[in-house]
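All figures in this text were calculated on a predicted structure; none of them were measured in a lab. Chain A is the first sequence line, chain B the second, and so forth, proteins listed ahead of strands; every chain is numbered from 1.
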Amino acid sequence: MASIHVSFTCSSPAAVPSASFSSHQDRHHHTFLFTSFPSSQILYIPFSLSPWRKKSKTALIHDGRPAHVPFPPLRGPHPAGVSLQDAVAQASADSPAEPQAPQEQRPGATVPKNSIWVNPNSPRASRLQQQSSESRYARLGQLSGSLDACGPSEADVTEALAAVLRDKPSEQDAVVVLNNMENPETALLALRWFQEKIRIKKDVILYNVTLKVMRKSRNWDGAEFLLKEMLERGVGPDNVTFSTVISCARVCNLPEKAVQWFERMQEFGCKPDDVTYSAMIDAYGRSGNVDMAMKLYDQARAEKRNLDPVTFSTVIKVYSSSNNFDGALNVYEEMKALGVKPNLITYNTLLDAMGRASRPWQVKTIYREMETNGVLPNRATYAALLRAYGKARYPEDALRIYREMKEKVMELTVVLYNTLLAMCADLGLADEAVEIFEEMKKSPEGCKPDSWTFSSLITIYSCSGQVSEAEGILDEMLAAGFEPNIFVLTSLIQCYGKAKQVDNVERTFDRMLELGITPDDRFCGCLLNVLSQTPKEEVEKVIGCISRANETLGSLAKQLIDEKVADEIFKVKAEELFKNISKEVKKAYCNCLIDLCVNLNMMERACVLLDMALKLEIYSALQSKSSSQWSLHVRSLSLGAALTALHVWMKDLSRALENGEDLPPLLGINTGHGKHRYSEKGLATVFESHLRELNAPFHEAPDKVGWFLTTKVAAKPWLESRSSPNMAAA
DNA sequence: ATAGGGTTAG
């Protein structure tokens, strides 16, 4: 039987594949004795537990290289050209081979001073293994697992604990067992048992580690119960207690509880430190109290605390989630200026922030910087990059990232597959999506498509109105056992709307109500979008759906199409509605409603809505003026809204001329690249054809993408000709 | 692994 020992030293814990091994530290070096069993299971015995003794019947020293090559030096930073991973892989690859006959230690071979060679099948080996902290830890870990699984009765818990620990657990045993637990009920019973057996009655550490279990299981009541018990029993809570409780409140979505206990810390003689500040900054951030979060950050800096990347990452996240992206960047710069090195999580948070901000160029810069600093990307990094490039419509970059992931043979998770598919949906990459979907289903990791997966695929087909393809995915989803959710139904309705199958829109809407799904603002936005594409004869049907989903919105839509309703009345109703809907959908609603007006040739009403949107700051700064150029900015506007804005701008320019004002040398319109998910042609293309219909002298700028320009000389006669009464046309 | 804070999706 082949038994191979590999003994080795490496200088850095980072070289140890943490998933497979634990390290035993000897001041500056880590020494392991690996035992490769034929089963390829690798164990090691920390050398400090093994007094050096040479036995005649030991297993063979083998480093995976020819026998005459000396054993790698043990104290060097790089063991003679063999990495730890290589050596381990080599050892297991070689294990079936018959080893050379047992031999005396070769002269010149470097042998670990404190290692012992043992036959792995001997009782001595198993005794050593049992004594090693590794296996003790494993046993305690198993105990945690069985405690999680056992019934929540004192008898069951006591039995499980006593079977492993007898009557003499150490405090360390208790800490390890509780720390690995997840079940709040049995953890509490286990805590009682440890409190009984370990005679330190007021042990704050045991409470703290049990609080962690409450956090893990998101059990706020359990956490607060334990904290109150501590206070009643006179067990002094410390900073660890409070930061655990605060972060527990945070994960339980109870920021006010975090604040409450944070403010009471002082009562118990605790002064916030770096970790409490960081936890609390996060709690304030998540409760939307950005000001308080920043106040704490400033306080922490004023106290000249050594803030670390965790705190900075938290602050960046707080800024990012309140859409203050410059704030996020500033903190990053501040961090670097203070000499704190960004780590993987800092980069991930920052990449995510710049993605949300739709600043793909900054995403690129930061990713390059990350590479330069030798920080390796993980799945979260790739997910952030894919989202950023998808959102910004950067297909080349998004696909490059996909290739990079594949080259690294990175094991993809469901989340990462779904992120890829969502990116494809953003960019309209149907073929790539199908390829990724097939790969996902074949993946050896067994990534089962979930409702996210199907939803993204349906979205891809919905964008182009490919009804039969979308329905095919829907069938596959139902066959896989998933009920349609609001996202799937939103996409489907979008698809039917695009294909002008209004009856199917109604049918899907009915089905949604039957499933007990309540339409949200986003869904209503989708119905409005469908309405703006619906032929006049069928408009009533769609408005019927909207009314059932949201009565106020439905009645506004009814008033909009009714020419008998005065603009003034309509305006009041519209303002009322827009003050009561969520911020994220305001622009989308406005775009749809203005499109509807334009389609129905109700330009006055479109102008009323545009005016309202500017007043409510739904659209910002559509017009700008400098001495050399006046501009119209219609990026992020729908076609109808953009045309309305153009209509208003032209009137304003004509009025300026009438008032004797002079035009600047250049006039420009910025449409942006305008690649919206649901429009196959960009805004620029469609807008340009409308400019031509209007005989407008604007031409695409050769050097500025998304800009149409004209000169004062060309614009003046055109505006004057349009102002003349016999040429009135919108 | 051996008491506390941070990152992946409409």
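- Evaluation of atom-type donor-acceptor distances gives a pair under 3.5 Å for the side chain of Asp273(A) against the base of dG4(B).
- Judged by distance alone, with hydrogens and angles left aside, Ser243(A) brings a side-chain donor or acceptor within reach of the base of dG4(B), the pair sitting under 3.5 Å.
- Side-chain contact of Tyr367(A) with Gln362(A): a donor-acceptor pair under 3.5 Å is absent, judged by distance alone.
- No hydrogens or angles were tested; on distance alone, nothing pairs the side chain of Thr314(A) with the base of dG5(B) as donor and acceptor under 3.5 Å.
- A straight line from OH of Tyr367(A) to P of dT7(B) spans 20 Å, rounded to a whole angstrom.
- Rounded to whole Å, atom C1' of dA9(B) lies 14 Å from atom CE of Met423(A).
- Interface remark: the Asp308(A) side chain does form a donor-acceptor pair with the dG5(B) base, using a distance-only criterion of under 3.5 Å.
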Tell me which donor-acceptor pairs under 3.5 Å the side chains of residues 171-178 of chain A have, and how far apart each pair is, sequence neighbours excluded?
from      : atom 1 : to        : atom 2 : distance (Å)
Asp173(A) : OD2    : Ser170(A) : N      : 3.1
Asp173(A) : OD2    : Ser170(A) : OG     : 3.2

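- A salt bridge does not link Glu371(A) to Lys364(A): none of the charged side-chain nitrogens sits closer than 4.0 Å to a carboxylate oxygen.
- Between Tyr382(A) and Lys408(A), the side chains place a donor N or O and an acceptor N or O closer than 3.5 Å (distance only, hydrogens not considered).
- The CG-C1' distance, from Leu226(A) to dG4(B), rounds to 15 Å in whole Å.
- Residues from residues 343-352 of chain A lying near DNA chain B, meaning a heavy-atom separation below 4.0 Å, are Asn343(A), Ile345(A), Asn348(A), Thr349(A), Asp352(A) in numerical order.
- Here dA9(B) is the nucleotide among dA9(B), dT2(B), dT7(B) with the atom lying nearest to any side-chain atom of Trp452(A).
- Thr210(A) comes within contact range of no nucleotide atom at all, as no heavy-atom separation falls under 4.0 Å.
- If you measure from atom CZ of Arg286(A) to atom C1' of dT7(B), you get 10 Å, rounded to the nearest angstrom.
- Within 4.0 Å (heavy atoms only), Asn418(A) reaches at least one base atom of the nucleic acid.
- Looking at Asp203(A), Asn239(A), Thr241(A), Asn179(A) one by one, the single match for side chain to side chain donor-acceptor pair (under 3.5 Å) with Asn208(A) turns out to be Thr241(A).
- Judged as a salt bridge (charged side-chain N to carboxylate O under 4.0 Å, His left out), the pairs with a partner in residues 338-353 of chain A (not counting sequence neighbours) are, in order, Asp352(A)-Arg356(A), Asp352(A)-Arg387(A).
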